[in-house]
Amino acid sequence: MAAQDGSEGLGMETEVGLKESEVLCDGAGKGDAAGTEEASLTDGENSSPQVPAVSNGEDSDEGKEMVELKIIWNKNKYDLKMPLDGTGAKLKERIHTLTGLPPAMQKVMYKGLLPEDKTLREIKVTNGAKIMVVGSTINDVLAVNTPKEVIQQEVKAEENKKEPLCRQKQHRKVLDKGKPEDVMPSIKGAKERLPTVPLSGMYNKSGGKVRLTFKLEQDQLWIGTKERTEKIPMGSIKNVVTEPIEGHEDYHMMAFQLGPTEASQYWVYWVPAQYVDAIKDTVLGKWQYF
């Protein structure tokens, strides 16, 4: 009996031991499964795509062909790198960032007034090029622009009342001399940037030869005759009046308004038509028309 009891006791202990082993194994299995699941979740998080960085709205210059520029404004010099395929309008935005001068108030010049819709590559800007910027703050413009606007309106009103300029006696005596033989060629209906050489071969009001030189780096217009050269700050020119010459519409007569009255107009005759808009933009600046 004792031996039998002992066998039963041993059997019970073995059964209990097996159950405990099953519990431990089951727990370990669950633990391994949980660990595997956790590892799977962790791997899933690590392998998920990263959220892309939010763009600030500006195009990256990375990988683009760049050009180094020297920006000169108000006797200050700035170094600027720009993509060669960036437009003139984009350059104005960069200049605004550098100087605080709003794009609408800028006259940006590189071999003439820089076009906003063309790229630096198209206008052949080279590495190390000097870009001249002329412009004033809004307060300065408001102080100076108002009297100019008034003068321009008065001039236009007077023009509407009068007969065409080229028929007026004071101009006919110059125009009747005919087209100068050495005047620069003209292209009717075309618009071109200012040439790199002075505009020459034209007449002034006295019938003498005159040339126009646009000194962009000094913001000056040089009016040269045989006797002397007048150096006029572009900011002092109140208006530019032009009219095609009858019978020769590919040439214009042009007046620079140097003061408040008609007597202060400096007249130039036989200006090639393709340069008229470029002269107005360079002297007055596009912002004058706003």
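Note that this is a predicted model, so its numbers are computed, not measured.
Between P185 and P272, the shortest heavy-atom contact is O-CB, 3.7 Å. The two residues P115 and I123 have their closest heavy-atom pair at CG-CG2, 3.9 Å. Closest approach of Q257 to Q265, counting heavy atoms only: OE1-NE2, 3.0 Å. For the residue pair L120 and P83, the shortest heavy atom distance occurs at CD1-O, 3.9 Å.
Counting heavy atoms from C-beta outward, L194 and I279 have side chains that approach closer than 4.5 Å. Looking at heavy atoms from C-beta onward, V133 lies out of side-chain contact with T99 at the 4.5 angstrom threshold. Side-chain atoms of L113 and V108, non-hydrogen and from C-beta on, never get closer than 4.5 Å to each other.
With rounding to the nearest 0.5 angstrom, the CZ atom of R193 is 14.5 Å from the CD atom of Q274. For the atom pair CG (L175) and CE (M253), the distance works out to 5.5 Å, reported to the nearest 0.5 Å. Atom-to-atom distance recorded for R94:CZ and L80:CG is 6.5 Å, nearest 0.5 angstrom. Rounded to the nearest 0.5 angstrom, L258 CG and I232 CD1 are separated by 4.5 Å. For the atom pair CG of L199 and CZ of F214, the computed distance is 5.5 Å after rounding to the nearest 0.5 Å. Atom CG of residue D250 and atom CD1 of residue I187 lie 10.0 Å apart, to the nearest 0.5 angstrom.
Residues satisfying the ring-ring contact (aromatic ring centres under 6.0 Å, His included) test with Y269, not counting sequence neighbours, are H171. By the side chain to side chain donor-acceptor pair (under 3.5 Å) test, D85 is found to be paired with R121, residues two or more places apart in sequence or in another chain being considered. Looking at residues two or more places apart in sequence or on another chain, you find a side chain to side chain contact (heavy atoms under 4.5 Å, CB included) between A89 and T87, E116. Considering only residues two or more places apart in sequence or on other chains, K130 meets the side chain to side chain contact (heavy atoms under 4.5 Å, CB included) condition with K70, I72. Applying the side chain to side chain contact (heavy atoms under 4.5 Å, CB included) criterion to A273, with sequence neighbours excluded, gives H252. Evaluation of the side chain to side chain donor-acceptor pair (under 3.5 Å) rule for E246 yields R167 as partners, not counting sequence neighbours. In this view, K173 satisfies the salt bridge (Lys or Arg N to Asp or Glu O under 4.0 Å) rule with no residue, not counting sequence neighbours. Applying the ring-ring contact (aromatic ring centres under 6.0 Å, His included) rule to Y275 yields no partners; only residues at least two apart in sequence or on another chain are considered. For T261, the side chain to side chain contact (heavy atoms under 4.5 Å, CB included) partners are A263, S264, not counting sequence neighbours.
Between the E249 side chain and the K188 main chain, no donor and acceptor come within less than 3.5 Å of each other. Within the 3.5 Å criterion, the main-chain N or O of D277 finds no donor-acceptor partner in the side chain of K191. No donor-acceptor pair closer than 3.5 Å links the side chain of E243 to the backbone N or O of P164. Of the possible donor and acceptor atoms, one in the side chain of W73 sits under 3.5 Å from a partner among the backbone N and O of G135. For E192 (side chain) and A278 (main-chain N/O), no donor-acceptor pair under 3.5 Å exists by modelled atom type.
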Assess the residue pair V268 and Y203 against the criterion (side chain to side chain contact (heavy atoms under 4.5 Å, CB included)); give the C-alpha distance rounded to whole Å, side-chain angles, the decisive distance to 0.1 Å, and a yes or no.
CA-CA 6 Å; V268 180; Y203 289 141; over 6 Å; no
Apply side chain to side chain contact (heavy atoms under 4.5 Å, CB included) to residues V210 and Y266 and explain how you reach the verdict.
CA-CA 11 Å; V210 64; Y266 190 98; 3.8 Å; yes
Under the side chain to side chain contact (heavy atoms under 4.5 Å, CB included) criterion, do V271 and M202 qualify, and how do the steps go?
CA-CA 7 Å; V271 178; M202 300 168 291; 3.7 Å; yes
Please report the C-alpha distance between L69 and L91 in whole Å, then the side-chain angles of each, then the deciding distance to 0.1 Å, and finally whether the side chain to side chain contact (heavy atoms under 4.5 Å, CB included) criterion is met.
CA-CA 10 Å; L69 307 174; L91 176 58; 3.9 Å; yes
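Contacts classified as ring-ring contact (aromatic ring centres under 6.0 Å, His included) and involving residues 77-110 (residues at least two apart or in different chains) are not found. Applying the salt bridge (charged side-chain N to carboxylate O under 4.0 Å, His left out) test to pairs two or more places apart or on separate chains, those with a residue in residues 223-234 are R228-E230. Among residue pairs with one or both ends in residues 204-216, those qualifying as salt bridge (charged side-chain N to carboxylate O under 4.0 Å, His left out) are D182-K209; sequence neighbours excluded.
Of the residues listed (E65, M66, K64), the one engaging L84 in a side-chain contact (heavy atoms from CB on, under 4.5 Å) is E65, and it is the only one. Among V134, L284, T282, the one residue that satisfies the side-chain contact (heavy atoms from CB on, under 4.5 Å) test with M234 is T282.
V276 is connected to I237 through a chain of hydrophobic side-chain contacts under 4.5 Å among Ile, Leu, Val, Met, Phe, Trp and Tyr, so both are in one cluster.
With a 6.0 Å cutoff to the six-membered ring centre and a 45° limit on the axis angle, K179 does not count as a cation-pi contact of Y251.
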